[in-house]
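Structure record follows, encoded as structure tokens.
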Amino acid sequence: MSKNLGIEQIEKSETLAPTIDKGNIKEAPIFGYKNQDEFSDSINVFSLKYYNLMAFFFLPFYTLIARIVFGNPYNFGEHLVTNIYLQSILSFLGLLSFILSLTIGVNLFFSFIMLLPILYYSYTYKKLFQLTFGQLLLRILKFVGVLLLLFLIPVLIGFFWGYITK
């Protein structure tokens, strides 16, 4: 049983990843950091340190998407309660998968965290709205479309802001 399961995975991926000649990469400052690597590291540290707050912060965002995708007969507050319930159950199951990963020495956590929310949200909303499989599939596609649109807008704003202020 290894206590450094994550470190071993990172070291293994670094040896398998193709090497990049960092001599050709311009070391330009970004948001007060020396380079992109330092900036990415600070984002990772922040995300791990404040994971619970970030999950709480994104609940209204998830609720907005659920309200757009599923709409009536429930209002925003009822969708919010549903998403709080789902998020709490998923957090608990994520904790169990993390403990299981540490116990058996196989990293199931990231696979579990990526697949479980999709399956559990689908199951819950299928039961809540009494959807058929086809209707559920269309709602999932609508969800992906709304999610991409809501993430694409800030990216485009950032791109144009960077282009204008260049």
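Sequence positions, counted from 1, serve as the residue numbers for this chain. Just so it is clear, the model here is predicted, and its values are computed rather than measured.
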Looking at [X], I'd like to know if its [atom1] atom is crowded, meaning that more than 12 non-hydrogen atoms belonging to other residues, nucleotides or ligands lie closer than 6.0 Å.
X    : atom1 : value
F61  : CZ    : yes
F76  : CZ    : yes
Y120 : OH    : yes

Do T124 side-chain atoms and Y121 backbone N/O form a donor-acceptor pair below 3.5 Å?
no
Please check if [X] and [Y] belong to a single hydrophobic cluster, counting links between Ile, Leu, Val, Met, Phe, Trp and Tyr side chain heavy atoms closer than 4.5 Å.
X    : Y    : answer
M54  : L80  : yes
Y62  : L149 : no
L53  : F58  : yes
L90  : Y123 : no
L152 : F159 : yes

Quick check: closest heavy atoms across [X] and [Y], and the distance to 0.1 Å?
X    : Y   : value
K142 : V69 : NZ-O, 3.6 Å
L59  : Q87 : CD2-CB, 3.9 Å
P73  : E78 : O-OE1, 4.3 Å
N83  : A66 : ND2-CB, 3.9 Å
Y125 : T82 : OH-CG2, 3.9 Å

Could you grab the distance from atom [atom1] of [X] to atom [atom2] of [Y], nearest 0.5 Å is fine?
X    : Y    : atom1 : atom2 : answer
F143 : I65  : CZ    : CD1   : 5.0 Å
F151 : L147 : CZ    : CG    : 5.0 Å
L136 : Q130 : CG    : CD    : 13.5 Å
S91  : I89  : OG    : CD1   : 9.5 Å
L131 : S122 : CG    : OG    : 10.0 Å
F98  : T103 : CZ    : OG1   : 10.0 Å

Could you walk me through whether F70 and Y74 pass ring pair (Phe, Tyr, Trp, His ring centres under 6.0 Å), step by step?
CA-CA 9 Å; F70 292 98; Y74 301 109; 9.8 Å; no
What orientation do H79 and F129 show, parallel under 30°, tilted 30 to 60°, or perpendicular over 60°?
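Parallel.
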Under 30°, 30 to 60°, or over 60°: which ring-plane class applies to Y50 and F46, parallel, tilted or perpendicular?
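Aromatic pair Y50/F46 classed tilted.
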Could you tell me whether the side chain of L96 reaches within less than 4.5 Å of the side chain of F92, counting heavy atoms only?
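With C-beta onward as the side chain, the pair touches.
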